[in-house]
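Beneath this line is the structure, given in structure tokens, with notes to follow.
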Amino acid sequence: MTGIYKTISKRNFISFCKDTIPSVKDFEVKLKKFEKSGVVIDYFPDKNQVGKKDRFWTQNLFTTADMVSYGSILCRYPNAIESVTINFTGNFFAVEKVCNVRVSSTIQEYEEKFAHSTVDVVTFSNHLIAKLTCNYLIIGK
């Protein structure tokens, strides 16, 4: 599927994610920032799930975190669509109940073939839910 996308920009990032990451297809997200300094999205889970416990909630947070982390790579290397996550670690602090969240990623370090980013997941009232780190192998730059 990635063949239809030559480069990724602010204009097509969300569409690219929905077309290429199966679990993101039904996510309601709003892109807040897509710049070399990082990517920020707001994620709105199913309204019927907000406030409830959901065993897939952490998985959805991992997915959105990977999405914005990958976006941070694509801001610097818009042609690096085939880049690969080589390591992803998360620490979750308060994820008992489903809620709307803001997910932000910042590149901490990057070289020609490697990038390291951090991701923060916070509630809309700025309560930290999770911190994640991600390493990528840059391909197709």
Side-chain angles (χ1 to χ4, degrees), residues 1-2 4-141:
M1 266 197 212
T2 59
I4 61 172
Y5 293 93
K6 301 289 185 206
T7 62
I8 304 302
S9 66
K10 183 175 187 175
R11 194 178 77 252
N12 68 358
F13 175 66
I14 297 296
S15 296
F16 167 74
C17 291
K18 287 180 176 270
D19 288 347
T20 59
I21 307 168
S23 59
V24 173
K25 182 181 74 166
D26 296 326
F27 281 13
E28 184 182 342
V29 295
K30 181 176 180 185
L31 186 62
K32 304 292 283 179
K33 180 173 125 178
F34 188 86
E35 302 169 358
K36 284 188 177 181
S37 62
V39 172
V40 178
I41 64 166
D42 286 347
Y43 168 53
F44 305 92
D46 184 315
K47 290 176 180 55
N48 295 326
Q49 295 301 316
V50 172
K52 297 180 180 177
K53 291 187 177 189
D54 182 351
R55 63 187 170 142
F56 296 111
W57 177 230
T58 347
Q59 179 180 341
N60 289 353
L61 294 180
F62 256 115
T63 301
T64 55
D66 194 24
M67 181 178 152
V68 297
S69 185
Y70 186 35
S72 293
I73 304 302
L74 294 169
C75 285
R76 289 185 186 274
Y77 308 109
N79 302 335
I81 294 170
E82 298 174 358
S83 296
V84 179
T85 306
I86 55 176
N87 173 277
F88 199 30
T89 305
N91 293 303
F92 292 86
F93 307 111
V95 290
E96 286 188 22
K97 295 188 180 180
V98 177
C99 62
N100 298 330
V101 293
R102 179 157 292 142
V103 186
S104 59
S105 176
T106 306
I107 296 292
Q108 300 299 319
E109 170 184 355
Y110 66 99
E111 297 175 5
E112 185 176 342
K113 295 286 182 189
F114 170 81
H116 171 78
S117 70
T118 58
V119 178
D120 287 341
V121 181
V122 299
T123 65
F124 284 179
S125 59
N126 213 30
H127 179 74
L128 182 65
I129 291 178
K131 282 190 139 330
L132 303 101
T133 59
C134 191
N135 295 311
Y136 281 90
L137 176 63
I138 308 299
I139 300 173
K141 188 177 95 158

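Along the sequence shown, residues carry numbers from 1. Quick note: numbers below take in every heavy atom, side chains included, and nothing from hydrogens, waters or symmetry partners.
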Considering residues at least two apart in sequence or located in another chain, which fulfil the side-chain hydrogen bond (donor to acceptor under 3.5 Å, both in side chains) criterion with H116?
-> N135
By side-chain hydrogen bond (donor to acceptor under 3.5 Å, both in side chains) - contacts of T63 (at least two apart) | none
Residue pair T7 / N12: nearest heavy atoms and the distance that separates them = O-ND2, 3.1 Å
Nearest heavy-atom contact between I139 and S83 is N-OG, 3.2 Å
Hits for side-chain contact (heavy atoms from CB on, under 4.5 Å) against C99, two or more places apart or cross-chain, chain-then-number order -> W57, V101, T123, I129
What is the minimum heavy-atom distance between G71 and F34, and which atoms define it?
-> O-CE1, 3.8 Å
Return the set of residues passing side-chain contact (heavy atoms from CB on, under 4.5 Å) with N100 (not counting sequence neighbours), or none when no residue passes.
-> F44, P45, V50, F124
List the atom pairs, with distances to 0.1 Å, where a side-chain N or O of residues 84-91 and a protein N or O form a donor-acceptor pair under 3.5 Å, not counting sequence neighbours.
from : atom 1 : to  : atom 2 : distance (Å)
T85  : OG1    : D66 : OD1    : 3.3

For the residue pair A130 and F92, what are the closest heavy atoms and their distance?
-> CB-CD2, 3.5 Å
Across all chains, not counting sequence neighbours, the side-chain contact (heavy atoms from CB on, under 4.5 Å) partners of S105 are V68, S69, S72, S117, V119
Please state whether the rings of F16 and Y70 are parallel, tilted or perpendicular, taking 30° and 60° as the class boundaries.
-> tilted
With side chain to side chain contact (heavy atoms under 4.5 Å, CB included) as the test, would you mind laying out the steps for F93 and H127 before giving the verdict?
-> CA-CA 10 Å; F93 307 111; H127 179 74; over 6 Å; no
Check the pair I14 / V24 against side chain to side chain contact (heavy atoms under 4.5 Å, CB included), numbers first and verdict last.
-> CA-CA 9 Å; I14 297 296; V24 173; over 6 Å; no
Closest heavy-atom contact between K36 and R76?
-> O-NH2, 3.1 Å
Residues at least two apart in sequence or cross-chain that pass side-chain contact (heavy atoms from CB on, under 4.5 Å) with K33, listed by chain then number, are E35, S37, V40
For residues V29 and M67, determine if any side-chain heavy atom of one lies less than 4.5 Å from a side-chain heavy atom of the other.
-> yes
What residue pairs, at least two apart or across chains, pass salt bridge (charged side-chain N to carboxylate O under 4.0 Å, His left out) with a residue in residues 115-137?
-> D120-K131
Residues forming a side-chain hydrogen bond (donor to acceptor under 3.5 Å, both in side chains) with Q108, sequence neighbours excluded | T118
